[in-house]
Amino acid sequence: MGKNLYITTAIPYVNAKPHIGNALDYLLADIWARYQKQNGHEVRFQVGTDEHGNKIAAKAQEAGIDPKTYTDQMYGNFQQLMTKVGAEFTDFVRTTDDHHVAAVQYIWQKLQPYIYKGTYEGWYCVGCEAFVTDKEAATNNGICPDHNQPYQRLSEDNYYLKTSEFTDRIRDAIESGKMKIEPEFRKKEFLELIKDGLQDVSISRPNKHLSWGVPVPGDPNQVMYVWIDALANYITVLGYPDRDGWQEYWPADVQVIGKDILRFHAGIWPAMLMGLDLPLPKKLLVHGFVNVGNVKMSKSIGNVVDPNELIDQYGLDAFRYFFARHIPTLDDGDFTWEKFETAYNTELGNDLGNVVSRVSSMISRYQAGVIGDAPQPEHDMKPYRQAMDSLNFNVALDEVWLTVRSLNQYLERVKPWEVAKRRDTDTDAEAHLSEILSQAVGSLLQIGDLLVPFLPHTAEIIHKTFESGVIVPQDGVLFPKIYLHTPDPRAKNIPKPE
RNA sequence: CGCGGGGUGGAGCAGUCUGGUCAGCUCGUGUGGCUCAUAACCACAAGGUCGUAGGUUCGAAUCCUACCCCCGCAACCA
């Protein structure tokens with residue numbers, strides 16, 4: 001035990017405010033990290049921001065400031081979100097960091113044997129300052145929909161990375177599981193995509209088209225394409241190549257990414273690593289997207305959900321709970337305020353919160369708060385562990401809730417409140433009652449353990465309340481009812497005041 | 001014939017690889033029970049020809065064939 005583990009998250013592009021998708025990255029990585037720490041591993045957990053590229057430069061220009069000033073202002077939004085979702089990251093990288101920039105230039109030089117100069121020709125929109133694919137140009141009938149002007153046929157000198165040369169090795173690594181891709185269907189999808197081989201990737205731009213980026217060493221006219229710069233962060237943040245210690249953490253155990261960037265992480269990134277003679281990450285965790293009411297979240301529709309708002313209204317653990325359990329870890333999920341609130345009130349409040357209060361209140365009432373020896377619960381933890389190890393966090397939480405339910409059922413079966421009433425007439429009742437309640441506490445403590453990766457605050461409260469042998473009362477109840485988006489069932493039954 | 005995923009009671013899903021013990025789970029609904037608890041908890045019930053049509057088989061949600069519908073992707077915007 002006590003292995004050094006490393007988990008990474010995709011570094012978001014800072015040209016907009018953070019959204020739920022970003023939050024999902026940090027949350028999933030954090031759950032994994034906490035789980036591994038709980039099991040005695042040392043975990044390094046990287047986060048960061050991607051700050052180069054034309055879009056950033058454009059945004060900065062709009063704001064009338066230089067790009068660095070702009071990113072200095074923006075990156076904080078992301079750091080704030082990471083902290084707010086409770087992510088206990090250990091490293092934060094900005095692609096504008098001096099060390100990162102220097103390291104990327106080193107990487108470029110080391111990749112020289114696989115880099116060649118070529119010409120990129122394609123349809124270019126002056127307004128976008130970007131090339132579009134032939135297909136996209138065709139779809140739009142040769143006119144950029146954003147700028148309403150025709151694309152121009154343009155060619156420019158680029159450096160290319162010979163990704164094609166690595167196709168077979170990359171395919172082998174994926175097929176053999178040396179670099180696992182979870183879930184399976186993403187792996188299939190990607191293998192299908194590279195069936196005909198990877199294409200060489202253009203990895204630089206003339207600086208007249210792209211000014212804000214890492215300069216190509218030895219060619220003042222070229223700037224690096226952002227993906228080369230961005231992907232490198234996973235190793236530069238560890239100190240690659242010049243600082244000690246990065247070897248202890250690379251290769252990464254898990255790299256958390258969204259489904260939209262799988263091709264970069266399963267194609268370009270392994271090619272870079274092979275070119276550098278470094279091992280590939282062991283596993284890519286590819287999560288899906290969060291829809292809102294089954295509609296893609298987008299600014300134009302105006303259905304963007306701000307994670308901050310959720311956390312402020314329902315609390316951090318409620319947020320973590322919903323996105324860990326009701327958004328499938330490895331697939332798309334759906335969010336609505338009604339679903340969120342229902343899950344909060346019924347599952348967190350009625351199931352978990354309520355069972356905590358019924359147990360603690362019985363112990364306070366019948367035994368003056370004294371718990372006695374809580375036996376080790378005999379609940380089978382294998383399904384939970386299996387789900388955690390295969391990164392199906394939602395399934396793991398299902399398992400936890402099964403034990404919550406069975407605790408409620410247990411109490412209903414043995415009826416401690418009736419046993420308590422018999423104490424005057426039945427001499428065994430006292431001991432029996434104590435046994436029941438300590439059994440219940442044992443079960444709750446176990447639930448608390450299982451919740452550590454998911455609901456750290458709740459887990460802590462459960463432990464604080466029950467672990468000392470005497471009930472330590474907490475302020476208020478866990479997950480008090482909130483009815484902002486769903487009807488309050490109590491409203492119709494409250495008798496009118498006279 | 002581009003590639004991938006999916007269509008299971010009102011909603012969301014599991015089960016399909018390895019045919020039978022599969023029609024299951026959660027939410028919602030109804031009835032009853034209970035009172036330790038956050039108007040909570042527990043039990044029971046209603047509700048599905050498992051997308052459609054064929055086929056294989058003693059037997060198919062599960063295998064085969066065809067078709068219909070939904071969603072994502074289609075490579076240098078991150």
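Below, chains carry the letters A, B, ... as their sequence lines are ordered, and counting in each starts from 1.
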When the distance from CZ of A:F335 to C1' of B:rC13 is rounded to whole Å, what number comes out?
19 Å
Between CG of A:D196 and C1' of B:rA74 the distance, given in whole Å, is 13 Å
Can I get a per-line list of side-chain donor-acceptor pairs under 3.5 Å for residues 190-197 of chain A, giving both atom names and the distance, sequence neighbours left out?
{"from": "A:E192", "atom 1": "OE2", "to": "A:K195", "atom 2": "NZ", "distance (Å)": "2.9"}

Side chain of A:R263 only, heavy atoms from C-beta on: which candidate in B:rC73, B:rG33, B:rC76 is closest?
B:rC73
Is there a Watson-Crick or G-U wobble partner for B:rG72 with both distances under 3.5 Å, and which nucleotide is it?
B:rC3
Do the rings of A:Y160 and A:Y116 sit parallel, tilted or perpendicular, given the 30° and 60° boundaries?
parallel
Name the closest nucleotide to the A:F479 side chain, picking from B:rU38, B:rC42, B:rA78.
B:rU38
Checking side-chain polar atoms at under 3.5 Å, does A:Y159 have a donor or acceptor matched by the opposite partner on A:D219?
yes
What is the base-pairing partner of B:rA45, counting Watson-Crick and G-U wobble geometry with both distances under 3.5 Å?
B:rU29
Return the value, rounded to whole Å, for the distance between atom OH of A:Y13 and atom P of B:rC77.
11 Å
If I take atom CG in residue A:D50 and atom C1' in nucleotide B:rC77, what distance separates them, rounded to the nearest angstrom?
12 Å
So which one's nearest nucleotide on RNA chain B is more toward 5', A:K339 or A:P416?
A:K339
Got a sec? Which of residues 184-193 of chain A come in under 4.0 Å of RNA chain B, heavy atoms?
A:F185, A:K188, A:E189, A:E192, A:L193
Can you tell me, in whole Å, how much space there is between the C1' of B:rA46 and that of B:rG30?
7 Å
Give the residues of residues 354-367 of chain A touching RNA chain B, defined as any heavy atom closer than 4.0 Å, sorted by residue number.
A:N354, A:S357, A:R358, A:S361, A:M362, A:R365, A:Y366
Under a 3.5 Å threshold, yes or no: a donor from one side chain and an acceptor from the other, between A:N233 and A:H100?
no
Look at the aromatic rings of A:F323 and A:F335 and report parallel, tilted or perpendicular, splitting at 30° and 60°.
parallel
A:F166 and A:Y114 aromatic ring geometry - parallel, tilted or perpendicular at 30°/60° bounds:
tilted
Hey, is A:K464 close enough to A:E460 for a salt bridge, meaning N to O under 4.0 Å?
yes
Hey, does A:W401 reach any base, or is it just sugar-phosphate, or nothing, if we go heavy atoms under 4.0 Å?
nothing
Between B:rC71 and B:rG12, how far is it from one P atom to the other, in whole Å?
15 Å
Closest listed nucleotide, where the reference is the side chain of A:V477 and the choices are B:rU38, B:rU35, B:rC76:
B:rU38
Complementary nucleotide of B:rU35, counting Watson-Crick and G-U pairs under 3.5 Å:
none
Just call it for A:K259: base, sugar-phosphate, or nothing, with non-hydrogen atoms closer than 4.0 Å on any strand.
sugar-phosphate
NA contact type, A:D200, heavy-atom cut-off 4.0 Å: base, sugar-phosphate, or nothing?
base
At 4.0 Å (heavy atoms only), tell me whether A:D398 reaches a base, stays on the sugar-phosphate, or touches nothing.
nothing
Categorize A:R405 for me: base, sugar-phosphate, or nothing, with a 4.0 angstrom heavy-atom threshold over every strand shown.
sugar-phosphate
What integer distance in Å separates A:E399:CD from B:rC25:P?
14 Å
Using the C1' atom on both, measure B:rC36 against B:rU31 and round to a whole Å.
24 Å
Parallel, tilted or perpendicular: which fits the ring planes of A:H485 and A:W337, with parallel below 30° and perpendicular above 60°?
parallel
It should be established whether A:N350 places a side-chain nitrogen or oxygen under 4.0 Å from OP1 or OP2 of nucleotide B:rC41.
yes
Atom CG of A:N345 and atom P of B:rA40 are separated, to the nearest Å, by 9 Å
Taking the inter-plane angle between the rings of A:F264 and A:W227 on a 0 to 90° scale, is it parallel (under 30°), tilted (30 to 60°) or perpendicular (over 60°)?
parallel
Using the P atom in both, what is the distance from B:rC13 to B:rG54, to the nearest Å?
29 Å
For the pair made of CG in A:D351 and P in B:rC36, what is the distance, rounded to whole Å?
20 Å
B:rC63 to B:rU16 separation - C1' atoms, rounded to the nearest Å:
10 Å
Check the phosphate of B:rA78 against A:Y225, side-chain N and O only, distance under 4.0 Å to OP1 or OP2. Yes or no?
yes
Measure from CG on A:L352 to P on B:rA37 and round the result to the nearest Å.
18 Å
How far, in whole Å, is B:rG6 from B:rG10 if one measures between their P atoms?
22 Å
Hey, does A:D334 reach any base, or is it just sugar-phosphate, or nothing, if we go heavy atoms under 4.0 Å?
nothing
Give A:V226 one of three labels, base, sugar-phosphate or nothing, depending on what nucleic acid heavy atoms sit under 4.0 Å from its own.
sugar-phosphate
Along RNA chain B (nearest heavy atom to each residue), the more 5'-positioned of A:T342 and A:E418:
A:T342
N-O pairing of A:K259 and A:E189 below 4.0 Å
no
NE2 of A:H326: more than 12 outside heavy atoms within 6.0 angstrom?
yes
Does the distance from a Lys or Arg side-chain N to an Asp or Glu carboxylate O, for A:K55 and A:D50, drop under 4.0 Å?
no
Can you spot which of A:Y344, A:F340, A:W401, A:Y314 makes a ring-ring contact (aromatic ring centres under 6.0 Å, His included) with A:Y321?
A:W401
Candidate nucleotides B:rC76, B:rU38, B:rC36, ranked by approach to the side chain of A:K481 - the nearest:
B:rU38
With rounding to the closest Å, how many angstrom separate the C1' atoms on B:rC70 and B:rU8?
15 Å
For B:rC3 and B:rC64, measure between their C1' atoms and round to the nearest Å.
23 Å
Taking the minimum atom-to-atom distance to the side chain of A:Q409, which one of B:rU26, B:rA78, B:rC42 wins?
B:rC42
Is A:G349 touching bases, backbone alone, or none of the nucleic acid, heavy atoms closer than 4.0 Å?
base
